[in-house]
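Before any comments, here is the structure.
When a ligand or atom number is given, it counts from 1 through the structure's own listing order. For this chain, numbers begin at 1 and follow the sequence in order.
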Amino acid sequence: MAQLEQIAAPGSEWWRSAVIYQIYPRSFADASGDGIGDLPGITSRLDALKDLGVDAIWLSPFMTSPQRDAGYDVADYRDVDPLFGTLADFDEMLAQAHARGIRVIVDLVPNHSSDQHVWFQEALRAAPGSPERARYIFRDGRGTNGELPPNNWESVFGGGMWERITEPDGTPGQWYLHIFDVTQPDFDWTNEEVREEFRSVLRFWLDRGVDGFRVDVAHGMVKEEGLPDYTPVADADSMGGGEENVPYWGQVGVHDIYRDWHEVLAEYDGDRALCGEAWLPTLKQTALWVRPDEMHQTFNFPYLMTKWDAKALGRVIRESLEEFGAVGAPSTWVLSNHDVVRHSTRLALTADNPQGEGIGPNTPDKPDTATGLARGRAATTLMLALPGSAYLYQGEELGLPEAMEIPDEFRQDPTWFRTDHERYGRDGCRVPLPWEADAVAFGFNDTGASWLPQPAEWADYARDVEEGDETSTLSLYKQLLAARRKHGFGSGSLVWEDAGADAVAFRRGDVHVVANLGTKPVALPADATVILRSQPFDGTALPVDTAVWYTTA
Ligand code: NOJ
């Protein structure tokens, strides 16, 4: 039976309905030609994003960093790494984006800094118990001589979560906590000095005119008091998506920080927004991040992690609208980002692939490319009809698959090294974009350099090839974004419809949306007029792995 899903929409702020395009600066466009993308490269390609039809861009970190975790290891929160340009390049990029009506969100990494951050260097030189050490989480070790780590926690990237330092006098010393790489020490967020520093960092970027922040590891900043031992559930997602009561994920203390930041943003004009990266086991918990006085958005990872299964997909959409609606926030929708296997590959996986595992030359049962692309296009066709804000990841508009054959010697993800090559990690979704089929590095730059090798077959996915093809994935994305805008699908409500057990179906006003996730065609009404379809089909039967928007007479 049809059921009305209301999404509470108390305001009309832009972020409630925006389509936000994630730029991974290393791999978007490289103006300097050194093989790593940069800010002038982004500026030079903004017209392509305007043409695509997105409302905003989110930039993964470009701040000063030794790049041990691709920029998620920040050494100076108030400057641009020379790899990516200068602050002046940032200001120019921001001005040019705004001139095109595109808002800009930057990545903030508050859970940890780089070990090269001046505070961490000061902490290493200072004594145990000093104010310098108190900005991070230093503890004495266990065992007779402190030779054992303070607890048994395991790093997200593999190995232990603690590293022992050598004290300034040369003796083996205290241990510091790092949820991620050993070069990423965690801040102690119970320390007011840390809190004050980040208020100031927020203001630094707000004063420059950014429209908001994507907050890295928003669920990890506060640890349970006493740092009790914890053994993760076997095969759980390392970011915490599948586990309850983890002493370093989802602790209630984080909410005070976001209430505080909410007030900082509210001092500024123009609806600045916070979007949290919080991997939590349930949507109910995820919605706590976006209560009215906290963050504005949070990524919908339960939706991202849902397999290609009609029942599961329908359930997660329903639950998302209910749980986010209950706190007055829009749901967000996301299928790909720089940490997961690209969705036009992932949706055809037959085996489990927990977040961060990746796919490489020796992965058994590699997904079929054509099936993956069909499902990827269908999934996006469905997603862009949903009420709320949607995130796209660079390259998905070209239908890029995961790069599955990267030779070992090129790999850079710390996961690959910290797990002794057991997990491939995330390099396969981070390969530089193909812009022009016939150019060196497919037009990523004009020197041919590329920090990760681009697969030769990506010539077929190059933007200039897809521009001229009305059946291309790029053309589909442009049509979807234009139609979504025209119909106002970013806000409002949906009415569920029944198209059989293997389909997800709903109505937005007089537009019907159906995705076929089954193994047989799904019949459409005889008077259906197709507005948009994820791939061409004839007649009134919707093929498998296909989605459609249609009206009836
Ligand atoms: C989440 C980011 O998305 C990921 O790329 C990074 O490695 C970790 N946080 C650590 O900052």
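Within the listing of ligand 1, atoms 4 (C), 5 (O), 6 (C), 7 (O) sit less than 4.0 angstrom from a heavy atom of Arg426. Residue contact check: Val217 has heavy atoms under 4.0 Å from atoms 9 (N) of ligand 1. Taking every heavy atom of Arg430 and a limit of under 4.0 angstrom, the matching atoms of ligand 1 come to 5 (O). Less than 4.0 angstrom separates some heavy atom of His112 from each of these atoms of ligand 1: 10 (C), 11 (O).
If you look at Phe157 next to ligand 1, the close heavy atoms, those under 4.0 Å, all belong to the side chain.
Aromatic ring centres of Tyr72 and Phe180: separated by at least 6.0 Å. The six-membered or imidazole ring of Tyr461 lies away from that of Phe442, with a centre-to-centre distance of 6.0 Å or more.
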Q.
What verdict does the side-chain hydrogen bond (donor to acceptor under 3.5 Å, both in side chains) test give for Glu396 and Ser344, after you've listed the backbone C-alpha separation in whole Å, the side-chain angles of each residue and the deciding distance to 0.1 Å?
A. CA-CA 8 Å; Glu396 67 169 87; Ser344 59; over 6 Å; no

Q: Given side-chain hydrogen bond (donor to acceptor under 3.5 Å, both in side chains), test Arg214 with Gln22 step by step and report yes or no.
A: CA-CA 10 Å; Arg214 176 266 190 189; Gln22 179 188 357; over 6 Å; no

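When only non-hydrogen protein atoms are considered, atom 6 (C) of ligand 1 lies nearest to Asp69 OD2, 3.4 Å. Regarding atom 8 (C) of ligand 1, its nearest protein heavy-atom neighbour is Phe180 CE2, 3.8 Å. Looking only at protein heavy atoms, the nearest one to atom 1 (C) of ligand 1 is Asp216 OD1, 2.8 Å. With respect to atom 5 (O) of ligand 1, the closest heavy atom belonging to the protein is Asp339 OD1, 2.7 Å.
Of the listed residues (Asn445, Asp30, Asp81, Asp89), just one forms a side-chain contact (heavy atoms from CB on, under 4.5 Å) with Asp38, and that residue is Asp30.
Under a cutoff of 6.0 Å and an axis angle of 45°, Arg139 and Trp162 do not form a cation-pi pair.
Residue contacts with ligand 1: Arg214 is included, with a non-hydrogen atom under 4.0 Å away.
Nearest heavy atoms, Gly220 versus Ile179: O-CD1, 4.1 Å.
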